[in-house]
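Remember, predicted model here, so these are calculated numbers, not experimental data. Here is the naming used below: chain letters follow the sequence lines, and residue numbers restart at 1 for every chain.
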Amino acid sequence: MKKILYICAAVLGLSSCEKFFEREPEDKFAANMFFKTETDLQSYTNGLIDSAIPDADDIALGSDTYTDFCGTKDSKQFFQPDRYTAAIASGWSYSNWSFLRKVAYMLSNMSNAKGNVSEAKYNHYEGVARYFRAMSTFNKVKKFGDVYWIDHVISPSDSSLLYGPRQDREFIMHKVVEDLAFACENCLSDGIGVNTEGRIYINKYVALALASRICLYEGTYRKYHSVNPSTGKPWNGEFESADELLALAMKYSGEIMESGKFSLHKNFRELFTSAKLPTDEVIWGRTYSEDLGIKHSVTYKYCSTTSSQLYSPTKDYVMMFLRSDGKPVESGAVSMTEEFKSRDKRLAATVLGPGQKMKDQKGNDIDFAPDFTWTVSGYVWIKWVMAEYAAMNSSANTSVNSMPVLRYGEVLLNHAEAAAELGKMTESVWNSTIGELRKVHGGITNSAYPGSADYVADQWLRKYYTEDVLHPASLSDIQLEIRRERAVEMMLEQDSRYDDLMRWNLGDLIERRYAHKGWRGVYVTKEEAENGFDFNGKHFTVSTTKASSETNYKITSSDDRGVTLSEGKYGYIIYNYRLQWDDKMYLLPIPVSAANVNPKIGQNEGWQWL
Amino acid sequence: MKKFLLTLACMLSVCLAALAQNVLVKGVVTDAVTKETIPGAAILVNGAADNGTVTDHEGKYEITVAPGARLVCQQLGYANLEKKVPEKGGVLNFALEEDSQLLDGTVVVGYGTLKKSQLVGSVENVSGEVLEDRSNSNITRSLQGQVPGLNIIQVDGKPTHGGSVYIRGGATSYVSKSASGGAKTSYSIGQGGSALVLIDGVEGELSSVNPDDVESISVLKDASSSVIYGARAAYGVILVTTKSSKGDKISVTYNGSVSINSRTIKWEDNVICDGLTYVETMYDHWLGNSATPTAEGKRPTKMNIYAIPSDYLERYREHVASGATNTYEMNGKSYLYYGDYNYLKMFYKRHNASQTHSLSINGSSGKVSYGLSGRYYMQDGIYKIGNEDYNAYNLRSKISVKANDWLTFDNNTSIYRMNYDQPIFSKKLSSGVGSQLFQIAMMGFPVLPPTNEDGTYTVGAAASGYAAFKDGNSAQIDNKLTVTTSTGVTVEPFKDVFKVRGDFAYKTTRRTLERYIAPVQYSTAPESMTNYVSQADSYKRRYDYSTEQVTANVVATLTPKLGNNHNLNVVAGWNLENYNYHRMGILRQGILYPSKPNFELMDGSEVTLTQDGSSYGLVGFFGRANYTLLNRYIFEVSARYDGSSKFPVSQQWGLFPSASLGWRISQEPWMKATRGWLDNLKIRANAGSLGNGTISPYSFLTTMSINKTSSVFDGALENKVGNPNVIPDNLTWEKVTTYDVGLDMDVLKSRLSLSADYYVRNTTDLYIAGPEIPAIFGASTPKGNYGALQTKGWELTLAWKDSFNMAGKDFRYNVKASMWDSRTWVTKYYNQSGGIYNYYEGKELGEIWGFRTDGIFMSNSEAASWYKDEFHNFVPVTGPYAGDLRFLDRNGDKVINTGSWTLDDHGDLERIGNEAPRYQFGLNLDFKWNGIGLSAFFQGVGKRDWYPGRGSDFFWGGYSRAYCAYVLKDQAGDNHVMLDKSTTDWKVANADKNPYWTRRTYGVANNNTGALTFPNDHFLQNAAYVRLKTLTVDYSFPEKFIKKIGLKQLRLYVTGENLFTWSPMFRHTSMFDPEVIGNGDSDFHDGTSENMGDGYSYPMLRTFTFGINISL
């Protein structure tokens, strides 16, 4: 009706063209009319959450599946000798940066809402946006080191930024830390959207948890890397120092611990396999739902021949788990049927062990045995595997287990590590972090504080982390135990192991697996090699012929991508697979295509344009 | 509505008042010199073209007018003569003086008319007569080839499809192969657009016009003539003027015709449907793909979804040899078929009928003149099975009321209604609706009977769409209603000197488009049914569209009388356009009762709704001044200042000017010597700039849409706002600048006339993606006004008309031939990779990149010694064999490849042709003698290349897909390579017959990197053609004879349409009509899928029409 009036006005007065020309699409919002109410802010931040929260594949099938603890059929091209170059590099297209544009759009326009929403709410939503800016920027720093700080909606004429060199990592991380501080300060700690069932909204605790993760990452990264890997030059120390970052990590994790809002979930396996996120421990997470038809394929990818990369735990990983008395295992040369006895409960919840049941289609418990068509080591990951779907050799897009993204267990680990790296670890901190994890999640009755009388140092562990590595560091027992604990607790959760290796300057562990040959799998005793053995209802054999690929550990002589036994006719299964590590690989190369558009972008140290 | 009633009431009262006082005037019109009577002279009341009468064959007229009115007598070639009506009426004779300006017909131009002598722009005026006798659903089909420079691209023969209309040039977007191989990609540059069609001043569709209503069609081709329409006229303007009442006698006209249509190409006659031959050919292609001199090759075990035993061929041969006639036997538990069915024959009728009836009444009484017309057109379906039905209705009413000497009101209202039902076929909602010709190619194998003995459908019937057509429960129903009403008022304070006209038009269209797909089942074995379309997959979708359009104009015309040496015509005005468009869609799956596809009678748990729409407004101020000095120097300037809501405030307005010069050399004093034979010689030149504002309405706005999250928020999906779109830094009008020079010449008393034009058109500021921007920008490169195109072309028309006396009767004839051409190049474009299929600077639109070839290899050894290529690589076949094409190594790298499909690296690909139609022509021949008329119209394209698309089974047959149901007669016998495989060095056995079709191999034309997927000059077709578009024979009964039965005119005619076609491509393929070789039916595909092969369209029709015209 209004329009008709305009037309009439225009017809009669030959004027009012301005009004006549004011049009808005009917099924969309014009942006200048948006960001006016809390609903606007909320639905926009819902969009941010929806785009940025990691999905099932990101969480459960991330970079951890390509580390020292996980064998695969193929590796990432990145680790294959001399394969990855700047010419084929990816990860730097506009879609990788569109999220930051989206965040900037909100931060640049949300002042429309000032006055319409309370200051606290306004700051909360600003905190949410900045949370995501920090998170997304940090993910780029992890990959590329020096990147760009996007704090406004870039226009095509913004040439000093668009066509300028990348900005220094320490500056970028300073901005990230600023954003995190703002989010921790301003995101709501109670009220709507805080710690709801779904655990998806951003609030103070989510911000604190992420802040502790990021500060720990960057703090240890600066500590264990002597140079900025983008430039090959020493850190300039212009902004936060390593210790300052570690102190922040300790502070933020401490705040969560003190809040008393979270505790460790008693059943470790439930954390990863239940349809509902356990709200005692999960701080931020992604829910999947049978009812809504929002499902994923993680179980399928871990337990199927067709689509799987044959992700397989290694012997080294299994050896990380303590015995249930808190002592380290003495040797890895133990049969798979034996080694699960009296161990940290998290082992059997993460790796398929004897007696593990899954469910058949009718919901009855059935034996669940490994299948050699989907493991290269003899071990099988079950951390994310839903009992209901594993045994059915299910199909894609059937799993509905919800997934933690940030959880209290990690907060405790962050706190412990930051304290240890700062030299502030005490027995009481130990007990409230590592001790608590081992007790509640691991069922370990006595987790002795290193240095206490009960403590038994693990020589194998020390060797693993400090010998035959490119950059040996002197590590205390406390630090070693924390590194053990992180693997035991966090493996396969987002990129936790991969990130750990990166920040500890231990990337070469990916190449230097067993005797630099490949991944080391289960131990097959002489007797087992000769007569075979039973495991969860199946009889397994070892031979050079392929009687049945599901139950036969097929031994080949091939040096590459073949399976051998470490002692010839028996011993550890070795999946021979040559990988390559080079220190330049702490960062990805900037793709050539990016330099074609902006020659000033600069390549990361060690990588060549051609 | 109130306003309308009020207006109506006013009109009625005025007209009643006028009627009361009229007087009768009659008289004779003669030539002042020869004293001969002049028939057909117009007697206009007060000079108004829409109020008056015409003299009869004896030069007499009769008219009832208000006393004191002024009658103007007009006749071509004579000067107008005006006389006042005596108070009591009576006799009023006119003796006309010959006009010095013989050629002074008037031509409809933008917002007015100009005398032909004043014209400096390139304007083609087509009389409504060219539409007569043409039984077409759509005017565009009748206009095809009639106007030089008017390019009408027909997609197919569907009654709802009218072809795209382009003036000077063609479409600038196209579909081409993508870099990686065969898949097709759409490319477009700028906003594109086609000609603006104005029907009595209101933007509309040619398809909705009743051809019998059309008085004339003006095609404005250059900037000079179309700039007055500014931002809408970038691609030319077509002005359709409908008939108005011409005299005060009531005239009633009936035109009726019935037509028998048949397809121009009868596909079913060109395919081989003998089951055994089909299977043999299919095996041939199958083995050609995998057999080598040392390996037997892979045999098919199924034909698409029809499972066959691997020894099917042998069993078939035995079956035939045994003389058995059963069409199936049991193969285990399943049927194995041995049929000889022609699915094309089962789908398509040989003939279908159409008819049209139109009735019009025109007249005037006193101050009121009126016209009423209606038309009904129907076309029967082309399918034997399935209900196809096209109906169109037109209604128009025109009324004009002269309130007093200086004030006239008029109204023009038209209603157009169309409904079109057609059977369709689809497997699933997600797979879209397919062309049945494609479905038949996929599954309509000759061996498969449509039904099994127990009456159930076979797999062939289900998958070819036969079952769905036959059941009649899967259809598309299109209903459209257009109502246009325009009311105007003309104020003429100074008669013939100054007038102002204001009008206000409202147009609305309502359209519903429904599709429903019913479940289909078939059986492959007794007592077992398989779902082809399951009940859950069946669906119904309905869209409701509505548009509303408001147009308002105020136009002032000034034609001062400045004496004989000065002639001035000034038009100035204001125009407003407002458009609203809405769409609402409903979709539900799960049809429960196929005979009643109602949303209520469905069980799908979800109902999907869509609603969208847009609106925009335009305001323009325009003007034109045409000044003629000494009858020979013509100056014209026009300009338009246009504003549009589609642009940001800072860019909303654009000024589009043009200037023209004309010089009538023949009128120069020093040309006196030529007067005897040279009637007219005029040179025209003009330059001007137009804007193109056909951009989508909200391009400059950052908009965001609401949808649901894909992650779960506390047990539900929440609302979220999507990414704000990226808007261009600046956004302005695309500009079209044209330069035109022209020449008009009439000689020998206007018997011979010639008209020629040459033009250059630069399109700049085309809206395209800009230069690549660094990724951190966070969005794809924003678009902007970056691109440019250049078109050059010419038009030439030559006409001869004369008459002589034959057997005591006048024999009149005229011949008109025209030819035109244009080429378009890309002059500016950002193509980062330099891909050759995309636009790039210097590209000529339509160019075809492909391989050069040098015949076929005669033996394996010859093939093996040739350079390696990337295309004959179906394991275990690696490389060409005898009978394959020899591709030439053009870049000398000793390997045949495509490089990376870029300008820098295009391997051996070269520009081997161009698919843009060139040298289009039309030829009209007209003869009239003693009431008998014969007219013929030829139309064609002089040059055009065509390489059939990869999914085009009509061309490729078995070379396309593995089981292609079409075994083409064109590819049989010595037309194709036959191999002597007695040694491992295979030889072409029929080399002496020069076979055109290469070694049989399936997929070779359809695979991503098949040897024939990329164009080559061997299979490149010459798609030039000439077509006898129409041939009409008519007879008009003598007037004295019909007068006795009270008729003014009685005419019978027979018209044939598309009677004869010749094209060089017929040598190699008989499945295509060269007028419509493009992508398949646009109703059913998005133009990108390779499966919708070229020619998979509604057929073009050959039509025989028997008609009658009656006037009283």
- request: State which residues pass side-chain hydrogen bond (donor to acceptor under 3.5 Å, both in side chains) with Arg199(A); sequence neighbours excluded, sorted by chain then number.
  value: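 Expected list: none.
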task: Output all residues satisfying side-chain hydrogen bond (donor to acceptor under 3.5 Å, both in side chains) with Lys720(B), sequence neighbours left out; order by chain, then residue number.
output: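 For Lys720(B) the side-chain hydrogen bond (donor to acceptor under 3.5 Å, both in side chains) partners, ignoring immediate neighbours, are Asp50(A).
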I'd like to know which of [options] tops the heavy-atom pair count under 4.5 Å against chain B.
options: Ala104(A), Ser98(A), Gly47(A); answer: Ser98(A)
options: Tyr288(A), Tyr105(A), Trp92(A), Phe99(A); answer: Tyr105(A)
options: Thr287(A), Leu162(A), Leu277(A); answer: Leu162(A)
options: Arg286(A), Glu197(A), Gln42(A); answer: Arg286(A)

Residue [X] versus chain A: region with a heavy atom under 4.5 Å:
X: Leu701(B); answer: side chain
X: Glu577(B); answer: backbone
X: Thr781(B); answer: neither
X: Phe700(B); answer: neither
X: Pro782(B); answer: side chain

Over all atoms of both residues, closest heavy-atom pair of Pro724(B) and Lys102(A):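 Closest pair (atom of Pro724(B), atom of Lys102(A), distance): CD-CG, 4.4 Å.
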- request: For residues Lys28(A) and Ser705(B), report the shortest heavy-atom separation together with the two atoms involved.
  value: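 Shortest heavy-atom contact: CG-CB, 3.9 Å.
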Can you check whether [X] reaches [Y] side chain to side chain, under 4.5 Å on heavy atoms?
X: Val712(B); Y: Leu292(A); answer: yes
X: Ser711(B); Y: Ile200(A); answer: yes
X: Ser645(B); Y: Phe20(A); answer: no
X: Val721(B); Y: Phe34(A); answer: yes
X: Leu161(A); Y: Ile776(B); answer: yes
X: Met704(B); Y: Tyr44(A); answer: yes
X: Phe647(B); Y: Phe21(A); answer: no

query: Checking Arg23(A) side chain against Tyr616(B) main chain: does a donor-acceptor pair fall under 3.5 Å?
result: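 Side chain of Arg23(A) to backbone of Tyr616(B): a pair is present.
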field: Polar contact flag, side-chain donor to acceptor under 3.5 angstrom, Ser43(A)-Asn719(B)
entry: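 Short answer, no.
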- request: Heavy-atom distances under 4.5 Å only: say whether Ser93(A) touches chain B with side chain, backbone, both or neither.
  value: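 For Ser93(A), the backbone is the part near chain B, not the side chain.
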field: Glu26(A) CD: over 12 foreign heavy atoms closer than 6.0 Å
entry: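 Yes, CD of Glu26(A) has more than 12 neighbouring heavy atoms, counting only those of other groups under 6.0 Å.
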task: Please name all residues satisfying ring pair (Phe, Tyr, Trp, His ring centres under 6.0 Å) with Phe777(B), sequence neighbours left out, ordered by chain then number.
output: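 Testing Phe777(B) for ring pair (Phe, Tyr, Trp, His ring centres under 6.0 Å), a comparison that skips the adjacent residues, returns none.
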Proximity of residues 144-151 of chain A to chain B, residues having a non-hydrogen atom under 4.5 angstrom: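 Counting heavy atoms that sit under 4.5 Å from chain B, the residues of residues 144-151 of chain A involved are Tyr148(A), Ile150(A).
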message: Please determine whether side-chain contact (heavy atoms from CB on, under 4.5 Å) holds for the pair Asp27(A) and Ile706(B), giving the CA-CA distance in whole Å, both sets of side-chain angles, and the decisive distance to 0.1 Å.
response: CA-CA 8 Å; Asp27(A) 52 346; Ile706(B) 290 261; over 6 Å; no
